[in-house]
S.K.: 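Okay, handing you the structure first.
Order of appearance sets the numbers: ligands from 1, and atoms from 1 within every ligand.
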Amino acid sequence: MDVISPDGISLRSNEPMRPLIIDTDPGVDDAFAIALAALNPDVELLAVTTVYGNVPLPATTRNARRVLALCEREDVPVAVGAERPLVYPHPERARYAHGADGLSGRSGVLPEPTRSVHQHGAVQLMAELLRAADQPITIAPVGPLTNIALLLGAYPELTPKIDRIVIMGGGMHGGNTTAAAEFNIWSDPEAARRVLVEERVPCVLVPVDLTLRCAVDAAWLDKLRDSGPIGAALHALTPDYREYYRKALGHDGMVLHDAVAVAEAITPGILRHTPYPLDVECAFGPARGATVADQRRKEVREATPGEDQREVNIALDTDPDALRAFLLAGLTG
Ligand code: BDR
Ligand code: CA
């Protein structure tokens with residue numbers, strides 16, 4: 001598969017396989033994201049770790065295992081992570097978008113997993129994989145950041161073993177769950193602040209501003225359905241989610257937030273990102289969970305008082321058609 005970046009650069013190289021851990025709360029778009037990585041022969045998918053989020057933890061874990069079974073990738077271990085945020089209770093699941101079981105009520109179309117969950121929990125397994133790695137590992141969190149905050153807090157000595165953390169989350173101009181906040185950040189703002197503001201590990205944040213621009217349409221979904229058994233099964237998971245986005249977007253489109261972030265995790269450069277100082281609002285009130293990026297010009301920022309804040313790479317641009325083509329090719333082989 002030839003892959004060309006928005007700048008016309010070939011993204012398929014002769015480099016060794018890219019080691020990756022996906023931390024996830026499936027969720028329909030999570031299911032697509034897991035499949036995208038699991039089916040890519042250039043990705044060494046080391047583990048899928050689960051977290052509460054779109055639906056409660058037992059359901060996200062079951063869904064992750066079923067998606068790997070669909071992709072005939074039960075060799076990939078699934079480890080169970082946090083069932084609630086670091087400090088405050090999770091305000092609400094996202095069943096309104098992903099359906100009662102997280103997969104539009106259709107998780108039964110996926111095969112029953114045959115492999116049990118890993119004997120160790122998500123944070124411990126991530127630490128073991130990092131410690132054993134001879135090449136830095138990319139982590140792609142596409143749910144609440146609770147597991148990642150715990151990992152960075154408990155095992156600071158392992159952060160040099162992390163290549164990048166490519167996070168689906170945040171919104172530069174408002175949110176999708178509240179007026180200010182995007183779902184993953186809003187679910188556990190304290191964890192998000194730990195990962196994005198307090199730590200020094202390289203991060204790419206893929207906010208809703210960009211994922212919304214990469215929405216797929218009915219023709220894209222038809223091609224997926226007609227591509228073969230895996231595409232047909234993924235397509236079968238979409239009715240509730242698609243209906244939610246029909247209302248949210250005002251037309252028949254569907255937003256694959258997490259797959260857009262995983263595309264960047266497995267193919268660095270497919271999204272264009274810019275470093276900005278970033279903070280996460282943790283106060284209670286209408287802005288809780290907002291991601292506040294300082295997008296003023298550097299000259300202006302430097303001339304005004306403020307702390308020396310860490311910069312986070314924020315993905316704000318791509319070629320949406322090329323990205324959609326990349327996703328379709330990756331999911332249909
Ligand atoms: C994010 O929230 C969840 O509902 C999706 O799975 C995605 O990770 C989008 O805001
Ligand atoms: Ca998700």
S.K.: Under 4.0 Å between a Lys/Arg side-chain N and an Asp/Glu carboxylate O for Arg296 and Glu302?
M.R.: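 Looking at Glu302 together with Arg296, the answer is no, because their closest N to O distance does not fall below 4.0 Å.
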
S.K.: I want to confirm something. Looking only at heavy atoms, which of Phe183, Tyr241, Trp186 is nearest to atom 2 (O) of ligand 1?
M.R.: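 Among Phe183, Tyr241, Trp186, the closest heavy atom to atom 2 (O) of ligand 1 comes from Phe183.
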
S.K.: Can a donor-acceptor pair be found, under 3.5 Å and without considering hydrogens, that links the side chain of Asn54 to the backbone of Ala94?
M.R.: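 Looks like no, no N/O pair under 3.5 Å.
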
S.K.: Hey, are Asp240 and Arg242 close enough for a salt bridge, meaning a charged N less than 4.0 Å from a carboxylate O?
M.R.: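 Salt bridge between Asp240 and Arg242, a charged N being under 4.0 Å from a carboxylate O: no.
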
S.K.: With the threshold set at 4.0 Å, does a side-chain nitrogen-carboxylate oxygen contact exist between Asp101 and Arg95?
M.R.: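 Not counted as a salt bridge, because no side-chain N and carboxylate O are separated by less than 4.0 Å.
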
S.K.: Quick test of your reading of the model: are Arg164 and Glu264 salt-bridged, counting only N-O distances below 4.0 Å?
M.R.: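 A salt bridge is present here (some side-chain N lies under 4.0 Å from a carboxylate O).
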
S.K.: Atom 4 (O) of ligand 1: which protein heavy atom is closest, and how many Å away?
M.R.: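 Answer for atom 4 (O) of ligand 1: Asn54 OD1, 2.6 Å.
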
S.K.: Under 3.5 Å between some N or O of ligand 1 and some N or O of Val142?
M.R.: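 Yes - when backbone and side-chain N and O of Val142 are compared with those of ligand 1, one distance drops under 3.5 Å.
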
S.K.: Should you measure from each heavy atom of His98, which atoms of ligand 1 turn up under 4.0 Å away?
M.R.: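 Those qualifying, in numeric order: 3 (C), 4 (O), 5 (C), 6 (O).
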
S.K.: Does the pair Arg288/Glu190 count as a salt bridge with the N-to-O cut at 4.0 Å?
M.R.: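 Here Arg288 pairs with Glu190 in a salt bridge, since their nearest N and O are under 4.0 Å apart.
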
S.K.: Heavy-atom contacts with Met168 under 4.0 Å: which atoms of ligand 1 show up? List them by number with element.
M.R.: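 In order of numbering, the contacting atoms are 1 (C), 7 (C), 8 (O), 9 (C).
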
S.K.: Ring centres of His90 and Phe183 under 6.0 Å apart?
M.R.: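 For His90 and Phe183, the ring centres are under 6.0 Å apart.
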
S.K.: Identify, with sequence neighbours excluded, every residue that meets side-chain contact (heavy atoms from CB on, under 4.5 Å) alongside Leu86.
M.R.: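 For Leu86, the residues satisfying side-chain contact (heavy atoms from CB on, under 4.5 Å) (neighbours in sequence not counted) are Thr146, Ala149, Leu150, Asp188, Ala191.
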
S.K.: Compute the shortest N/O to N/O distance between His257 and ligand 1 and return yes if it is under 3.5 Å, no if not.
M.R.: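 No, no N or O pair falls under 3.5 Å.
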
S.K.: Glu182 versus ligand 1: do any nitrogen or oxygen atoms come within less than 3.5 Å of each other?
M.R.: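 By distance alone, the answer is yes.
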
S.K.: Sort by chain and number the protein N/O/S atoms that are closer than 3.0 Å to the Ca ion (ligand 2), and list them.
M.R.: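 Per the 3.0 Å query on the Ca ion (ligand 2), atoms found are Asp25 OD1, Asp30 OD1, Asp30 OD2, Val142 O, Asp258 OD2.
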
S.K.: Of all the non-hydrogen atoms in the protein, which one sits nearest to atom 6 (O) of ligand 1, and at what distance?
M.R.: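 Protein heavy atom at minimum distance: Asp29 OD1, 2.6 Å.
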
S.K.: Counting distance only, does the side-chain N/O of Arg310 pair as donor-acceptor with the main-chain N or O of Glu199 below 3.5 Å?
M.R.: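 Yes, because the side chain of Arg310 sits within donor-acceptor range (under 3.5 Å) of the backbone of Glu199.
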
S.K.: Salt bridge check: are Glu311 and Arg200 linked by an N-O gap of less than 4.0 Å?
M.R.: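 The answer is no: the pair does not qualify as a salt bridge.
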
S.K.: Show the atoms of ligand 1 that are less than 4.0 angstrom away from any heavy atom in Asn176.
M.R.: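 Answer, ordered by atom number: 9 (C), 10 (O).
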
S.K.: Would you check if Asn313 and Pro202 make a side-chain contact, meaning some heavy-atom pair closer than 4.5 Å?
M.R.: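 Contact flag for Asn313/Pro202 side chains = no.
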
S.K.: Students should be able to answer this: which protein heavy-atom is nearest to atom 8 (O) of ligand 1, and at what distance?
M.R.: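 That would be Asp258 OD1, 2.6 Å.
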
